[in-house]
Every structure is written in structure tokens, then in C-alpha cells.
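Just below is one structure, and these are the notes that go with it.
In what follows, residues are counted from 1 in the order of the sequence shown.
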Amino acid sequence: MPALNKNLQKLFTIAQKETKLGIGLMSGTSLDGLDIALCKFTGNGIDTGFELLQFITIPYDDRFKQEVQQVFAQRKADLEKVTLLNAYIGTFHAELILQALAKWDIKPAEVDFIASHGQTIYHAPKHQHKQDGYGNATLQIGDGDHIAVKTGILTISDFRQKHIAAGGEGAPLALYGDVLLGSKAGEERILLNIGGIANLTYLPANGDTTKVLCTDIGPGNTLIDAACRQYFNKPYDEDSAIANAGKVDETLLEDLLHHPFFNETLPKTTGPELFNLEYVANAQQTSRSFNINKTDLVATLSAFTGRTISNFIKTHFNIPGLKIFVSGGGARNPYVMNYLTTALPNAEIANTRDLGIDPDAKEAILFALLGNEALCGEPIKTGNNPAVLMGKFSFSG
């Protein structure tokens, strides 16, 4: 019998290890930087043991942001630029991983795997593109082979394609990790992530995973951040200073809320391809609010995020004793968090730190967990989401 390929033998060996060290990577639509989470795992599935050993966000410089923004959420983009960035981002992320490991005094050989989300440049669910003959689609770049070769570490990447191939929309993927790390018998829980887009996972008190719901809600930080960049030359509204200085334009807010997406069948996904400044401009035209003070605009967009999230939760989860745990950049947005606390008085709202999960690290942790499941897990049925293991394997040699 021929000998097993050395890479497959190494994969087999890693999968059988009782304890694994994995790195999870997340680079979100806000383009703040690369989140790098070093995690220790034992077991898999509902028996997963987890510990966050190290976490860092390495900020992106302006040049990198500008390069990605040339192709990000654009229906028409330079194909050569997309091709070049696919390799470049993979190599660049590998360099940042090596920087983090050096900072932590950890050798690459000590790490069993990297789980990379990549960089989303276009998300196109069927309900959004509406093109006959085409289904759901999404595209993340930052090739896994480049990460594996540069770091010398087995890399698992491109997680969203299997979800789509199995009938999903490629997002949100948080449910798989949320079920494993966030469920608690006897507690009705929502894990709410407010990144560029807001999404949540509902975890029922009875532990019935078929009743779990994970879905996008609508805009999180994406419109607030876009307006801050456009009108204030700031990457985001730090401490909600701009929003708190403004006044909500209720007419514009109502027009922002009038879009078919908010009544789509669940689960559903969206992105900056829909919720962008063009969307805002169209609502301003309808509401005749083109002359709105820009400070008031940021306040209105912040209220829009708070309203869409609170409306969704009140409509679908009017449950006594509901506990909501928040993560993502929105967890540090006082305006949005105060809005939710006021609008949802019957719910207990905290951040995921109360679950032992750093709210800034949560998305990177979840991808590390997905990598662990790809190595040694079994598909988990959650609601009407595909029961699949996700990720493509890239060997270092």
C-alpha cells in the first residue's frame, strides 16, 4: 500500500491531538485591522473546551484601507486589482500573524492551525442581486495558501462557500460557535454582534438546537462609519461624540426603515452592498432632507441602527427573562447601547465578557472554533441552517 502523503499524515496527526492550539483571524467590513486570536481547544462539538490565550488587533494603515476600498462592495471593480489583492492580503495577513507570535514569544511550530476568514469584498445573496439563473454568492479574498506557506502553519480558509453550496447564504456563520460557547440550559439568550452589519443568534433555554436562529438584522456600524469618514474625516464616531451632539431627523429615520429587506424571510443576510451612503441619499431624497446638518445625520444613522435591532428583537423574541450579550465594535458605541437599553427594558443587556468571551475577539474566536470543528468535528443541525463542516485546507509545503 502506498505511503500516506506527508501533508495528509500531518493533518491526521493534528486532528487526533487531545489539545490543539489554533489561531482565528477576522478582518471585517469596517477595515479597522486584523483580529488575531490564539486559542486552546480540547474536544469538539458540544464538548468543546476553550481558552483564549492571546488576542490582538493590528490596525490597518490608510494605504491598505484605500487599496481594499477600491474593490470593496463595488459592482464594477478592476479585475486585476482583485487578483493582486487576493495574493497580497494572504501574504500580508501572514506577516501580521508572525508579528503577533513574535510579540507573544510563541514559535509558529507550536501552532496547529490557522483559521482565516479572509476579507469580504462582495456579498450577493439571491434576494439582493435578483438575477435569474444565479443563486446566493459571496467572495472573500486573502488566499489561504499564501498564509500557510508564509507562516509554515496549516491554514483553513474560505469557510463561507460550503455554507452556500449546502443551501445557505454564506452568513452569518456565528451560530455554530455561538451554540457551542454561548448556550446555557434554562436561559433564553441572544448573542448580538454589532459589526459593520448587525447579526444575532438566538439560543433557546431548552437547548433545542433545531430552534436556534442566526440571522443578519441590518446595518450595524457601516453607515455610521461611512458618514464619519465622508463628512468628518474620522474612521468612526468615537464615544458617540458626534451622535450625542446631534438630533434625530424622524422623517429621514422612517424612510431609512422602509426597505423590503426588513421583511425578508429569516434567516437573511446583507452587507454594505445595500446599506451604504447611496442608500442614505435615496432616503434623503424621499424625505426631502438633503440639507440635514451632518451631525444630525450621524445621530439619525445611529438611531437607525438602534431602531432596526430593537424592532427585530421585540418582533421575534418577546420572551420573559431574555438575556442579550453584545459583541463587536457596536458594543463600544454608547449611543447605540443606550438606545437598546431604553428600547428593550424587559431584557437584560450585557457584553460577551460576562460569558468569558472578549467582545472584540469574539469573531476571531469563532473562526478558530470553526477551524477546530473542520479538523475533528461533526456537522451540527441548527434551525434551518445547513449542517455542514466548513473550510478549505492549505498545507505549508
Side-chain angles (χ1 to χ4, degrees), residues 28-32 73 190 192-200 216-263 270-316 318 324 326-351 359:
T29 56
S30 61
L31 293 175
D32 294 334
I190 283 177
L192 170 65
N193 182 67
I194 309 177
I197 297 298
N199 62 71
L200 63 73
D216 283 353
I217 301 169
N221 304 315
T222 188
L223 293 178
I224 304 168
D225 292 352
C228 288
R229 288 193 300 269
Q230 180 78 11
Y231 303 117
F232 295 91
N233 195 29
K234 295 179 180 292
Y236 63 98
D237 185 10
E238 186 173 2
D239 296 328
S240 302
I242 301 172
N244 283 327
K247 180 180 178 181
V248 174
D249 185 314
E250 294 291 343
T251 304
L252 174 57
L253 177 58
E254 289 303 317
D255 279 307
L256 289 168
L257 289 163
H258 289 156
H259 191 280
F261 171 79
F262 296 113
N263 296 315
T270 190
E273 296 79 9
L274 170 59
F275 292 110
N276 50 42
L277 291 182
E278 182 181 355
Y279 179 87
V280 177
N282 289 337
Q284 286 181 274
Q285 183 172 8
T286 303
S287 61
R288 298 181 180 179
S289 57
F290 268 118
N291 294 323
I292 184 174
N293 178 288
K294 301 310 179 189
T295 300
D296 292 347
L297 177 63
V298 172
T300 304
L301 295 177
S302 301
F304 180 40
T305 291
R307 180 77 67 85
T308 54
I309 295 171
S310 57
N311 280 356
F312 185 92
I313 292 174
K314 285 189 287 189
T315 299
H316 297 283
N318 187 18
I324 302 172
V326 188
S327 62
R332 299 191 307 275
N333 184 313
Y335 189 102
V336 172
M337 293 303 297
N338 289 338
Y339 195 108
L340 294 178
T341 300
T342 301
L344 300 168
N346 297 323
E348 182 180 326
I349 301 177
N351 71 40

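- Nearest heavy atom pair, residue Ser327 against residue Pro359, reads CB-O, 3.5 Å.
- Between Leu277 and Ala227, the shortest heavy-atom distance links the atoms CD2-N, 4.1 Å.
- Contact check for Val336 versus Ile194: side-chain heavy atoms found under the 4.5 Å cut-off.
- Considering only heavy atoms from C-beta on, Glu250 comes within 4.5 Å of Leu253 through its side chain.
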side-chain contact (heavy atoms from CB on, under 4.5 Å) between Ile313 and Leu200, worked out: CA-CA 9 Å; Ile313 292 174; Leu200 63 73; 4.0 Å; yes
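- The backbone N or O of Gly195 lies less than 3.5 Å from a partner atom in the side chain of Asn221, making a donor-acceptor pair.
- Minimum heavy-atom separation, Tyr236 to Cys228: C-SG, 3.8 Å.
- For the atom pair CD1 of Ile197 and CD1 of Ile217, the computed distance is 10.5 Å after rounding to the nearest 0.5 Å.
- Taking the six-membered ring where tryptophan is involved, the planes of Phe262 and His259 are perpendicular, since the angle between them exceeds 60° and thus also 30°.
- Here the straight-line distance linking atom CG of Leu301 with atom CZ of Arg307 works out to 13.0 Å at 0.5 Å rounding.
- Atom CG in Leu192 sits 11.0 Å away from atom CG in Asn351 (nearest 0.5 Å).
- Looking at every heavy atom in both residues, Val326 comes nearest to Ala331 through CG1-CB, 3.8 Å.
- The shortest heavy-atom contact between Pro219 and Thr308 is O-OG1, 4.2 Å.
- Counting non-hydrogen atoms of neighbouring residues, nucleotides and ligands closer than 6.0 angstrom, the CD atom of Glu348 reaches no more than 12 such neighbours.
- The environment of Tyr339 atom OH is dense: over 12 non-hydrogen atoms of other residues, nucleotides or ligands sit within 6.0 angstrom.
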Identify all side-chain donor-acceptor contacts of residues 292-300 below 3.5 Å with residues at least two apart in sequence or on another chain.
residue: Asn293; atom: OD1; partner: Thr295; partner atom: N; Å: 2.7
residue: Asn293; atom: OD1; partner: Thr295; partner atom: OG1; Å: 3.4
residue: Asn293; atom: OD1; partner: Asp296; partner atom: N; Å: 3.3
residue: Asp296; atom: OD1; partner: Lys247; partner atom: N; Å: 2.8
residue: Thr300; atom: OG1; partner: Asp249; partner atom: N; Å: 2.9
residue: Thr300; atom: OG1; partner: Asp296; partner atom: O; Å: 2.8

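- For Tyr279 (side chain) and Leu256 (main-chain N/O), a donor-acceptor pair under 3.5 Å exists by modelled atom type.
- A donor-acceptor pair under 3.5 Å is absent between the side-chain atoms of Asp255 and the main chain of Leu252, judged by distance alone.
- To the nearest 0.5 angstrom, Glu254 atom CD is 8.0 Å from Thr251 atom OG1.
- Here Ile349 contributes atom CD1 and Ile324 contributes atom CD1; the two are 4.5 Å apart, rounded to the nearest 0.5 Å.
- Between the side chain of Asn276 and the main chain of Glu278, a donor-acceptor pair closer than 3.5 Å is present.
- Remark: side-chain polar atoms of Gln284 are paired, donor with acceptor, to backbone N or O of Ser289 under 3.5 angstrom.
- When all heavy atoms are compared, the tightest approach of Tyr335 to Ala303 is CE2-N, 3.7 Å.
- Note: Asp225 CG to Lys234 NZ = 13.0 Å, rounded to the nearest 0.5 Å.
- Not a single donor-acceptor pair under 3.5 Å links the side chain of Ser240 to the backbone N or O of Asn333.
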